[in-house]
Number of protein chains: 2
Amino acid sequence: MQGEIIDKNSVIPIYYQLFKYFENQIRSGQLQPGDTLPTKLEIAARFDISRMTVRHAIGELMSAGMVYTQKGKGTFVASPRLDSVVFNLNNFYDEIRQKGMKRHAELLEARIIKADEKLARRLGIDVNTRCLYFRIVITADGEPLAYETKYTVYSKRSPILESELKDPSLSTLAAAHSDTIPSSSKKVLMVSNATEEEAKVLGISPDTPVFLLIQTIYNAESKIIAWGKSLYRGDRYKLTTYEGWNIEDIKNS
Amino acid sequence: MQGEIIDKNSVIPIYYQLFKYFENQIRSGQLQPGDTLPTKLEIAARFDISRMTVRHAIGELMSAGMVYTQKGKGTFVASPRLDSVVFNLNNFYDEIRQKGMKRHAELLEARIIKADEKLARRLGIDVNTRCLYFRIVITADGEPLAYETKYTVYSKRSPILESELKDPSLSTLAAAHSDTIPSSSKKVLMVSNATEEEAKVLGISPDTPVFLLIQTIYNAESKIIAWGKSLYRGDRYKLTTYEGWNIEDIKNS
DNA sequence: CAGTGGTCTAGACCACTAT
DNA sequence: TAGTGGTCTAGACCACTGA
């Protein structure tokens with residue numbers, strides 16, 4: 001009987017088999033939030049494995065947020081946090097890929113500039129510091145979807161490849177052209193109306209709402225090394241998120 | 001020397017002290033992405049602790065995404081993923097609290113209704129099923145900030161408290177009035193322009209951009225048990241996120 | 001082949017909870 | 001006091017890497 005669940009001779013670690021076993025129990029609803037898991041001694045005895053191995057499996061479940069423990073009492077199935085919402089911005093581009101559309105980045109402008117007052121403030125640098133500045137528009141199947149403006153300090157003076165300007169994330173760009181490596185980032189997501197210029201680039205009517213994302217990249221000394229502004233068409237983009245223990249069923253419904 | 005780092009007689013577990021030690025090393029930049037950590041045997045010997053305890057500490061670092069291991073090679077400091085962006089919606093309300101403003105929820109309308117065609121489709125239920133419907137507006141210091149419309153199936157027919165309608169998340173509401181418990185949720189964040197009615201409630205001019213959040217709550221059988229629509233004023237709300245190993249420094253800059 | 005990380009064990013002791 | 005989870009150990013064996 002227990003052989004059907006745990007195969008001690010498998011190449012798959014025992015703790016992982018055990019983890020998957022309980023994960024399935026929870027995802028399928030056979031174990032409901034609030035239910036108690038068997039005690040570690042019970043599990044260890046039932047499958048004839050070490051208590052430490054059981055602990056390892058339960059530790060994984062805890063890391064996944066699916067169970068919690070109380071000293072002296074037991075291990076319990078956790079309730080999913082359905083009110084804390086986490087959005088993943090990769091979503092923006094995953095969506096394009098999912099729809100089988102081809103993403104394409106077009107370079108509108110690329111220059112080495114000397115920072116003016118405003119840019120110097122944004123990047124926390126001195127006026128006249130050399131910066132790399134460029135603008136791209138991202139299209140899918142010929143339709144403009146996003147419009148990005150990026151600045152990064154240009155201290156290395158290493159050559160700039162057009163291919164490099166087209167696709168990369170702000171942090172990889174900062175890595176290439178700043179003399180220190182990116183360490184942290186701050187991002188702010190807002191809603192806005194497109195300006196006339198932006199609307200023209202995106203091929204939408206002015207005053208159409210858009211997502212506005214401001215990115216700042218810092219190095220290990222917490223100095224700003226890159227700054228970027230991205231606009232995403234509000235009529236084409238949305239952020240979707242799923243939470244809970246039986247997510248897969250929902251995605252297919 | 002090692003006594004300054006690890007106190008074996010402390011109430012704080014050794015593995016946790018070790019975890020914090022390396023976490024600090026990474027956050028402070030003394031260990032940079034790509035650097036190798038000492039081998040487990042070295043660490044175990046240096047602090048005179050068991051290899052398993054060292055593993056435990058490193059396991060925590062891995063769970064935190066700060067290091068990764070390669071069989072036969074060693075343990076390495078990971079590079080933070082600065083391009084995958086995760087936004088936490090609690091942000092919306094945390095922000096209010098942070099500014100020291102008082103959040104207040106005002107009930108505009110609350111009724112038991114029979115589902116019409118449209119609602120029945122949204123909730124995946126039969127027409128005429130009894131539902132709880134209500135609208136609230138959330139204000140901070142008297143200023144409207146968000147406007148929420150919620151529906152949940154009303155199968156329990158348990159009494160409805162006004163206090164209950166005012167603040168709670170959609171999932172707690174579904175838990176109170178549906179006959180099955182919430183298990184998963186789907187949320188979609190979009191940008192939109194406020195309609196005339198919405199603009200009036202929010203005290204903004206029409207065509208002001210807003211965040212639009214659609215929430216759906218499912219039970220363990222993947223049936224919809226609640227649906228909600230929330231509008232957040234685009235001129236008052238933003239979502240901010242930080243990523244990387246030295247985040248704290250940035251937040252204060 | 002030596003060195004690394006990965007898994008597993010059997011048993012020890014502790015702190016906490018409930019009775 | 002018995003039962004729970006939490007920590008720690010010393011040592012075993014494995015798979016993988018690189019010289």
Side-chain angles (χ1 to χ4, degrees), chain A residues 2-3 5-23 25-26 31 33-78, chain B residues 2-3 5-23 25-26 31 33-78:
Chain A
Q2 56 236 48
I5 297 163
I6 300 294
D7 178 0
K8 295 175 82 167
N9 297 318
S10 167
V11 286
I12 299 163
I14 295 172
Y15 83 88
Y16 190 75
Q17 296 180 49
L18 200 55
F19 163 70
K20 279 294 178 189
Y21 169 69
F22 284 117
E23 186 193 28
Q25 294 265 308
I26 293 170
L31 280 171
D35 288 357
T36 68
L37 268 67
T39 69
K40 284 183 310 191
L41 282 173
E42 277 171 14
I43 299 170
R46 177 132 97 86
F47 299 111
D48 191 31
I49 55 182
S50 160
R51 207 163 139 278
M52 279 300 279
T53 305
V54 177
R55 255 201 69 68
H56 193 166
I58 290 177
E60 299 289 320
L61 288 168
M62 279 199 293
S63 291
M66 302 183 78
V67 306
Y68 62 94
T69 56
Q70 281 181 29
K71 256 189 203 164
K73 294 185 76 173
T75 306
F76 306 88
V77 178
Chain B
Q2 55 235 46
I5 296 164
I6 301 293
D7 179 0
K8 295 175 79 166
N9 297 319
S10 167
V11 286
I12 299 162
I14 295 172
Y15 82 89
Y16 189 75
Q17 295 180 50
L18 199 55
F19 163 70
K20 278 293 177 190
Y21 169 69
F22 284 118
E23 187 194 25
Q25 295 264 308
I26 293 169
L31 280 171
D35 288 358
T36 68
L37 268 67
T39 70
K40 284 182 311 190
L41 281 173
E42 278 171 14
I43 298 170
R46 178 131 97 85
F47 299 112
D48 191 31
I49 56 183
S50 161
R51 204 162 142 277
M52 279 299 279
T53 305
V54 176
R55 256 201 67 69
H56 193 167
I58 290 176
E60 298 288 319
L61 289 167
M62 279 199 292
S63 291
M66 303 184 76
V67 306
Y68 61 95
T69 56
Q70 282 181 28
K71 258 191 201 163
K73 296 185 75 173
T75 306
F76 306 87
V77 178

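Every chain is numbered from 1, with letters handed out A, B, ... down the list of sequences. Only a predicted model underlies this, so the values are computations on that prediction, with no experimental measurement involved.
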Please list, one pair per line, the donor and acceptor atoms closer than 3.5 Å that link side chains of residues 66-78 of chain B to other protein atoms, with sequence neighbours excluded.
none

For this session: Classify the nucleic acid contact of B:Ile58 as base, sugar-phosphate or nothing, counting any heavy atom under 4.0 Å across all strands shown.
Result: nothing
Exercise. ring-ring contact (aromatic ring centres under 6.0 Å, His included) with B:Phe22: which residues, sequence neighbours excluded?
Worked result: none
Exercise. Can you list, by residue number, the residues of residues 64-72 of chain A that have a non-hydrogen atom closer than 4.0 angstrom to DNA chain D?
Worked result: A:Thr69, A:Gln70, A:Lys71, A:Gly72
About how many Å separate [atom2] of [Y] and [atom1] of [X], when rounded to the nearest 0.5 Å?
X: A:Tyr21; Y: A:Ile26; atom1: OH; atom2: CD1; result: 11.0 Å
X: B:Ser63; Y: A:Glu60; atom1: OG; atom2: CD; result: 6.5 Å
X: A:Ile43; Y: A:Leu37; atom1: CD1; atom2: CG; result: 5.5 Å
X: A:Gln25; Y: A:Asp35; atom1: CD; atom2: CG; result: 10.0 Å

Exercise. What pairs with A:Glu42 under side-chain hydrogen bond (donor to acceptor under 3.5 Å, both in side chains), at least two apart in sequence or on another chain?
Worked result: none
For this session: Under 4.0 Å from any atom of DNA chain C, heavy atoms only: list the residues of residues 10-19 of chain A that qualify, in numerical order.
Result: A:Pro13, A:Ile14, A:Tyr15
Going by atom type alone, with no hydrogens or angles, which donor-acceptor pairs under 3.5 Å involve a side-chain atom of residues 51-58 of chain B and a protein atom two or more places apart or on another chain?
none

Please table the atom pairs, donor to acceptor, closer than 3.5 Å between any side-chain atom in residues 12-20 of chain B and protein atoms at least two apart or in another chain.
{"residue": "B:Gln17", "atom": "OE1", "partner": "B:Asp7", "partner atom": "N", "Å": "2.7"}
{"residue": "B:Gln17", "atom": "NE2", "partner": "B:Asp7", "partner atom": "O", "Å": "2.9"}
{"residue": "B:Gln17", "atom": "NE2", "partner": "B:Ile12", "partner atom": "O", "Å": "2.9"}
{"residue": "B:Lys20", "atom": "NZ", "partner": "B:Glu23", "partner atom": "OE1", "Å": "3.0"}

For this session: With a 4.0 angstrom cut-off to heavy atoms of chain A, pull out the first and last contacting nucleotide of DNA chain C, in 5'-to-3' order.
Result: C:dT7 to C:dA18
Problem set entry | Which residue lies more 5' along DNA chain C, comparing B:Lys73 with A:Arg51 via nearest heavy atoms | B:Lys73
Problem set entry | Whichever of B:Met52 and B:Pro38 has its nearest DNA chain C nucleotide further upstream toward 5' | B:Pro38
